[in-house]
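Notes follow once the structure below has been shown.
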Amino acid sequence: MQKERQQRAKEEQVIVLDFLKNGYASDSRPFHQKEPIIQVIGKSNFVLLELVAKQGKNFKPHDEVYIGDDERPDIVYIKGALPTNKLTQTAKRELNFIVEKLVTDNEEKYIQFYNNSGPISLRSHQLELLPGIGKKHTREILEQRSIEPFNSFDEIKERVKAVPNPKKAIIDRILQELDDKDRYKLFVRV
């Protein structure tokens, strides 16, 4: 029996963090051999990728680009995964705004995390992995969601007074996972 390989997270749509029309400044190849590079983040799994753009195409931060299995009108190929330490200053600056927008636009998905998250072990819970949420907050969230599921970030703030900002906790967690600061991945898939 063959061991199944874990399938990598697949993105259909990505959002531009930065576009380097003339490639990286550190690329020592002659100018005519440099590739136009796009640094992007996936819309559904927050995968950071480096793409090679077709000649003559231009992009700006927050543009959406299709990278699915069908013909890619703007992309020559996907160069590979992009570690956060290789992000340009522009990409680092835009990353926070884009992650916040993705969380805001998909609030229902993250509310379901608050409603359905479970234990990691006998002593810890997935909710405790969110920055600013400890055991006391977790108990309160679990108690409130057992009475009635949450419908919005505002409702979580209202019903669980001690939780400062449930949306920001999700955003901060995603940014931590992108930096690979924790072995547990709740939102970022690679």
Quiz item: If only atom types and distance count, is the side chain of Y114 paired as donor or acceptor with the main-chain N or O of P166 below 3.5 Å?
Solution: yes
Quiz item: Quick one: CG on L127 to CD1 on I141, what's the gap to the nearest 0.5 Å?
Solution: 5.0 Å
Self-check item: Y66 atom OH, neighbour heavy-atom count above 12 within 6.0 Å
Solution: yes
Quiz item: If only atom types and distance count, is the side chain of E11 paired as donor or acceptor with the main-chain N or O of N45 below 3.5 Å?
Solution: yes
Self-check item: pair R72-I78: side-chain heavy atoms closer than 4.5 Å
Solution: yes
Practice problem: Answer yes or no: is there an ion pair linking E177 with R173, defined by an N-O contact shorter than 4.0 Å? | Solution: yes
Quiz item: When you look at S117 and R145, which way does the side chain to side chain contact (heavy atoms under 4.5 Å, CB included) test go after all the steps?
Solution: CA-CA 11 Å; S117 57; R145 81 179 191 190; 3.3 Å; yes
Quiz item: Do Q144 and E140 have side-chain atoms, one donor and one acceptor, less than 3.5 Å apart?
Solution: no
Self-check item: Donor-acceptor contact present, side-chain D63 to main-chain K60, <3.5 Å
Solution: yes
Exercise. Enter the distance from I174:CD1 to I98:CD1 here, rounded to the nearest 0.5 Å.
Key: 13.0 Å
Quiz item: For K168, does the NZ atom sit with more than 12 other heavy atoms under 6.0 Å from it, leaving out its own atoms?
Solution: no
Quiz item: CD of E158: more than 12 outside heavy atoms within 6.0 angstrom?
Solution: no
Quiz item: Is a side-chain donor or acceptor of K167 paired with a backbone partner of E107 at a separation under 3.5 angstrom?
Solution: no
Quiz prompt | Close side-chain approach of F46 and R189, heavy atoms under 4.5 Å | solution = no
Quiz prompt | From CG (L48) to CG (L178), nearest 0.5 Å | solution = 5.0 Å
Quiz item: In Å and rounded to the nearest 0.5 Å, what is the CD to NZ distance from Q39 to K92?
Solution: 9.5 Å
Quiz item: How far does OG of S152 sit from NZ of K157, to the nearest 0.5 angstrom?
Solution: 9.0 Å
Quiz item: Could you give the distance from CD (E128) to CD1 (I120), rounded to the nearest 0.5 Å?
Solution: 7.0 Å
Practice problem: Using the six-membered ring wherever Trp is involved, compare the ring planes of F187 and F113 and label them parallel, tilted or perpendicular (cut-offs 30° and 60°). | Solution: perpendicular
Practice problem: Give a yes or no on whether the backbone of I37 and the side-chain of E50 come within a donor-acceptor separation of less than 3.5 Å. | Solution: no
Self-check item: Expected output: side-chain E155 to main-chain N151 donor-acceptor under 3.5 Å
Solution: yes
Self-check item: Enclosure of K79 NZ (heavy-atom neighbours >12, cutoff 6.0 Å)
Solution: yes
Quiz item: Nearest heavy-atom pair of N106 and L102: which atoms, and what distance?
Solution: ND2-O, 2.8 Å
Quiz item: Quick one: does K101's side chain get under 4.5 Å of I15's, heavy atoms only?
Solution: no
Quiz item: Do the side chain of K109 and the main chain of S44 share a donor and acceptor less than 3.5 angstrom apart?
Solution: yes
